[in-house]
There are 2 protein chains.
Amino acid sequence: MDKEFAIKNGLELIKKSKIAMVGTNDGEGFPNIKAMLNLLTEGMSTFWFSTNTSSKRVAQILKDKKTCVYYVDQDSFMGLMLVGDMEVLQDQESRKKLWFDGCEKYYPQGINDPDYSVLRFTAKKANFYYGLKNISFEIE
Amino acid sequence: MDKEFAIKNGLELIKKSKIAMVGTNDGEGFPNIKAMLNLLTEGMSTFWFSTNTSSKRVAQILKDKKTCVYYVDQDSFMGLMLVGDMEVLQDQESRKKLWFDGCEKYYPQGINDPDYSVLRFTAKKANFYYGLKNISFEIE
């Protein structure tokens, strides 16, 4: 498997995924996983999510930015894992970037709800697998 | 949401899941995630997986047993995360426990293939969520 195949198929996997698995460190040495809506991505380098400021995940990320984002297609045994750094953002531009009709369900006070946080993940390394083969590469 | 609801629905989620997400520590401070076949579970306390002895995951687990196992239903926004310890086993009884027709695809030398390892996860704590509610509890 070459890098070109991995990037092409990895990007398609991201595009068709409803959710991404986000991995964080819980502060007691255990990895934690949570599915988040796959809202907005820029290639394989930048991934945007939103969550509650009061959530456990935000507290974990503020203490340790080292995280991972994982996409999987369970039918074709294809997966893409990216490791990198996650930031918690609350500026107006970031809030607008991810807001969509229906977000009020999660953030009743609207786009400026203090409990609305935007997460921006910047990937450093990728691992893509398909069937029994896999390839690792740096994200530039 | 009470614990009884979480256990009932969490067990159903495990039962219907084809895969589980397994979270490990990569030794450089980053959480890693990989989907593994949901082969055998005992309630919410013990979870069995199989993988290649030569895999990155086995190397990571041998260095750090602190792991997590996560199940998600992306359509109903239901998820169950368990944190606990993972062991790497190669004894005959464990090998037999997980072996099924078709495993030769992954372990060409058969049930005694040195590249065949069994993973046993023992859960300590659970977090179950459904919609906007979630509950954490200890696994006894």
Side-chain angles (χ1 to χ4, degrees), chain A residues 17-38 51-52 54-57 60-61 63-86 105-108 115 121 123-127 129 131-132 134 136, chain B residues 17-38 51-52 54-57 60-61 63-86 105-108 115 121 123-127 129 131-132 134 136:
Chain A
S17 295
K18 188 177 160 187
I19 56 170
M21 310 294 158
V22 175
T24 50
N25 291 310
D26 77 349
E28 293 173 18
F30 291 96
N32 275 198
I33 302 173
K34 180 126 214 262
M36 291 195 183
L37 286 174
N38 187 33
T51 193
N52 295 84
S54 59
S55 67
K56 254 183 274 183
R57 292 298 171 269
Q60 290 175 353
I61 292 162
K63 281 188 188 161
D64 189 348
K65 65 184 179 182
K66 288 183 173 177
T67 48
C68 74
V69 172
Y70 178 73
Y71 294 89
V72 60
D73 177 355
Q74 64 175 26
D75 297 318
S76 66
F77 285 90
M78 181 181 283
L80 173 71
M81 187 185 70
L82 304 129
V83 298
D85 294 336
M86 190 80 82
K105 186 183 165 190
Y106 306 102
Y107 316 111
D115 201 34
F121 175 79
K124 291 179 173 180
K125 282 190 265 184
N127 181 268
Y129 70 87
L132 298 181
N134 80 92
S136 293
Chain B
S17 295
K18 187 178 162 187
I19 56 171
M21 310 296 157
V22 175
T24 51
N25 291 310
D26 78 349
E28 292 173 16
F30 291 96
N32 275 198
I33 301 174
K34 180 132 214 266
M36 293 198 179
L37 285 174
N38 187 34
T51 194
N52 295 86
S54 59
S55 67
K56 253 182 275 181
R57 291 298 171 271
Q60 290 176 352
I61 293 162
K63 281 187 188 161
D64 189 346
K65 65 184 179 181
K66 288 183 175 179
T67 48
C68 74
V69 172
Y70 179 72
Y71 295 89
V72 61
D73 177 355
Q74 65 175 26
D75 297 317
S76 66
F77 285 91
M78 182 182 284
L80 174 71
M81 186 185 71
L82 303 128
V83 298
D85 294 336
M86 191 81 84
K105 185 180 166 191
Y106 307 102
Y107 316 110
D115 201 33
F121 175 79
K124 290 178 172 178
K125 280 189 267 185
N127 181 268
Y129 69 88
L132 298 181
N134 80 91
S136 293

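Chain letters run A, B, ... following the sequence lines, proteins first, then strands; residues in each count from 1.
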Q. Has Lys34(B) got its NZ or CZ under 6.0 Å from the middle of the six-membered ring of Tyr129(A), at an angle within 45 degrees of the ring axis?
A. yes

Q.
Suppose the criterion is salt bridge (charged side-chain N to carboxylate O under 4.0 Å, His left out): which pairs have a residue in residues 19-31 of chain B, not counting sequence neighbours?
A. Lys125(A)-Glu28(B)

Q) Rounded to the nearest 0.5 Å, how far does CG of Asp64(B) lie from CZ of Phe30(A)? A) 8.5 Å

Q: Please state whether the side chain, the backbone, both or neither of Asp75(A) comes within less than 4.5 Å of a heavy atom of chain B.
A: both

(Q) Between Ser136(B) and chain A, with a heavy-atom cut-off of 4.5 Å, which part of the residue counts as in contact: side chain, backbone, both or neither? (A) side chain

Q) Measuring from Phe77(B):CZ to Leu37(A):CG, what's the distance to the nearest 0.5 Å? A) 4.5 Å

Q: Mind ranking Val72(A), Val69(A), Val83(A), Asn32(A) by heavy-atom pairs under 4.5 Å with chain B and telling me who comes out on top?
A: Asn32(A)

Q: Find the distance between CG (Asn127(B)) and CD1 (Ile33(A)) and round it off to the nearest 0.5 Å.
A: 12.5 Å

Q | chain B contact via Met81(A) - which portion, at a heavy-atom distance below 4.5 Å | A | side chain

(Q) Does any backbone or side-chain atom of Leu132(A) lie under 4.5 Å from a heavy atom of chain B? Answer side chain, backbone, both or neither. (A) side chain

Q) What part of Ser17(A) is in contact with chain B, defined as an atom under 4.5 angstrom from a non-hydrogen atom: side chain, backbone, both or neither? A) neither

Q.
Quick check for you: to the nearest 0.5 Å, what is the distance between Asn134(A) atom CG and Lys56(B) atom NZ?
A. 5.5 Å

Q. When rounded to the nearest 0.5 angstrom, what is the spacing between CD in Gln74(B) and NZ in Lys18(A)?
A. 5.5 Å

